[in-house]
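Please read the structure below before turning to the comments.
Residue numbers run from 1 in the order of the sequence given.
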Amino acid sequence: MIYRPVPARLPVPAGLGRLVVLTTVFICAACGLVYELELVALASYLIGDSVTQASVVLSVMVFAMGIGSLLAKRLRGRAALGFAVVEALLALIGGSSAMALYACFAWFGQSRPALVGFSLAIGVLIGAEVPLLMTLIQRIRRQDAGGAVADLFAADYVGALVGGLAFPFLLLPVLGQLTGALLTGAVNAVAGGALVLWLFRGDLSVRTRRLLIAANGLVLALLATCSALSGPFERAARHAVYGDDVRVAVQSDVQEVVLTGGGGSGKPLSLFLDGRLRVNGDDEYRYHEALVHPAMDGPHRRILVLGGGDGLAVRELLRYADVSSVTVVDVDAAVLRLARTDPDLAALNHGAFRDPRVRPVTADPFDWLRSRSSAGAPFDVVISDLPDPGITTSTKFYSQEFYGLVERRLAPGGRLAIHAGALGARPHVFWTVDATVRSLGLHSTPYRVDSSGSPGGPDRVPVRSGRRADWSFLLVSRERLPLGLPRVRPCLLSLTGGRLAAAEREAEDSREPGLLPSTLMHPRYAE
């Protein structure tokens, strides 16, 4: 049976009515794409691995859109009412999805089922929009199906472009994820409700119009209430995730920066970046000493630190009196600022950024190495203290191009120290980084320090994962170098049998300044 839409009774000329429908298509498309991007961004932050999360969200949504399009066929007889109901539900579900996803992560420790559920629901509702709008636009003025589809999709795609650009450049930096999603839901509800209650009000009975007004008013009231409570909600959720000792929480242009502990809390200072533990004051020295000191066995007057905005690697470098300059390139100005101004973090890094030899630079390390601003005298030592290679967004820092840029900045006899992930947890990732370095004709010496039994450390895993592993490194140079330590060394290590092993100490012994009380050995000899 062929469905033939009945011409609509409009309060305006057909041309103006058609423009109003296409404008609504534009707005709804923009809102729909914001919901998708918001789910991808929040899932990447909460769960990690942005490629996987984007694949899950987009594939589930596209599948659900097909289901929604099929279900919308049953609503064509009452397309105006069906569209109003779809938009009210979409505004409520899409607008509140970020808050609900964050709540599931904070209080239940699991957000993937919620992610799939919201992707499915939002996809079904977005998929139902186009058939209903196609019916409505045909009721205003009959035209060939190809022309109507072209007009509809043109407005839809342009709206998606605007929504896609508004999310990273306007909503996220100005309003944040929660408030941005709630505002998008409000816009969605107003656009869908206004179209039906004004342009197609002739299709509705008085009772139906009142019910739609009440439903849209309730949706807007719920979204407004959530927006008003978003501040207390974020604080409560943050405490549920990080504990009650959150001292600093900053959403920078790059990431969320959270400091916990320290001060009078009696707990060790911890630094979290986008929900991943970056620094734990109890054992960070193991990581930073292992990263820095093997590379200092040789000339080390000019040093470049890529990442390391917390100043802890710089602290280890400044133990050497003959260091003349340290350039620190970190993408996040908020981390650099906290390393200078936060009393506990500054105490942990020994006021590293107050030393006149240290020059902080706010820039992406990859872009900085490619720019002219990196030109100048080469560096004796380069320390790569960058996010874990297992995190998708950091893979460019472990590429041939990146290491080629670093190699150009190395002085003759220069050394590069790389944190290359956890050999025990992800051996394939570690040895891939090693192979990448060697593919450039450089020599690498792998080594690691065991972090088992530690309360935490810069292992870059999500805060709720509880995973602990070793910290694994590569010492890289143009010439083959033995793995050693400076003659005057802060680490009590000795070379035995071609291996670098820690001096034997009992676990309960008190730690002397600069001591590295962990096994540090060549992984190819590890049992």
Side-chain atoms of residues 214-233: list all donor-acceptor pairs with protein atoms under 3.5 Å, sequence neighbours left out, distances to 0.1 Å.
residue, atom, partner, partner atom, Å
N216, ND2, L212, O, 2.9
T225, OG1, A221, O, 2.8
S230, OG, S227, O, 2.8

Test your reading of the model: is there a side-chain donor-acceptor pair from [X] to the backbone of [Y], 3.5 Å cut-off?
X	Y	result
R209	R201	yes
R247	G261	yes
N349	D310	yes
S399	T395	no
E38	A98	yes
D330	T362	no
S69	G127	yes

What's the spacing between [X] [atom1] and [Y] [atom2] if we round to 0.5 Å?
X	Y	atom1	atom2	result
D245	S270	CG	OG	7.5 Å
Q177	Q251	CD	CD	7.0 Å
F430	T432	CZ	OG1	10.5 Å
L92	S96	CG	OG	5.0 Å
Q255	D332	CD	CG	4.5 Å

Start with the C-alpha gap between L90 and I126, add the side-chain angles, then the distance that decides, and say whether side chain to side chain contact (heavy atoms under 4.5 Å, CB included) holds. CA-CA 8 Å; L90 184 57; I126 291 176; 4.1 Å; yes
If we only count heavy atoms from C-beta on, is the T24 to L199 side-chain gap below 4.5 Å? no
With the side chain counted from C-beta on, respond yes when L348 and E284 share a heavy-atom pair under 4.5 Å apart, and no when they do not. yes
Under the rule for ring pair (Phe, Tyr, Trp, His ring centres under 6.0 Å), what residues qualify as partners of F63, not counting sequence neighbours? none
Grab the two heavy atoms, one from [X] and one from [Y], that are nearest each other, plus how far apart they are.
X	Y	result
G17	V12	N-CG2, 3.8 Å
S119	V60	CB-CG1, 3.8 Å
Y242	E256	OH-OE1, 3.4 Å

Does a donor on one side chain and an acceptor on the other come within less than 3.5 Å for D385 and Y287? yes
Give the C-alpha distance, both sets of side-chain angles, the deciding distance and a yes or no for side chain to side chain contact (heavy atoms under 4.5 Å, CB included) between W368 and L304. CA-CA 12 Å; W368 186 84; L304 171 64; 3.8 Å; yes
Test F83 against C28 for side chain to side chain contact (heavy atoms under 4.5 Å, CB included), laying out the working first. CA-CA 11 Å; F83 182 74; C28 293; 4.1 Å; yes
Look at the rings of F397 and F366 and say which category their plane angle falls in: under 30° parallel, 30 to 60° tilted, over 60° perpendicular. tilted
Carefully, step by step, assess V328 and F353 under the rule side chain to side chain contact (heavy atoms under 4.5 Å, CB included). CA-CA 9 Å; V328 183; F353 288 105; 4.1 Å; yes
What donor-acceptor contacts under 3.5 angstrom involve side-chain atoms of residues 179-196, with partners at least two apart or in another chain?
residue, atom, partner, partner atom, Å
T184, OG1, G180, O, 2.8
N188, OD1, Y35, OH, 3.1
N188, ND2, E87, OE1, 2.5

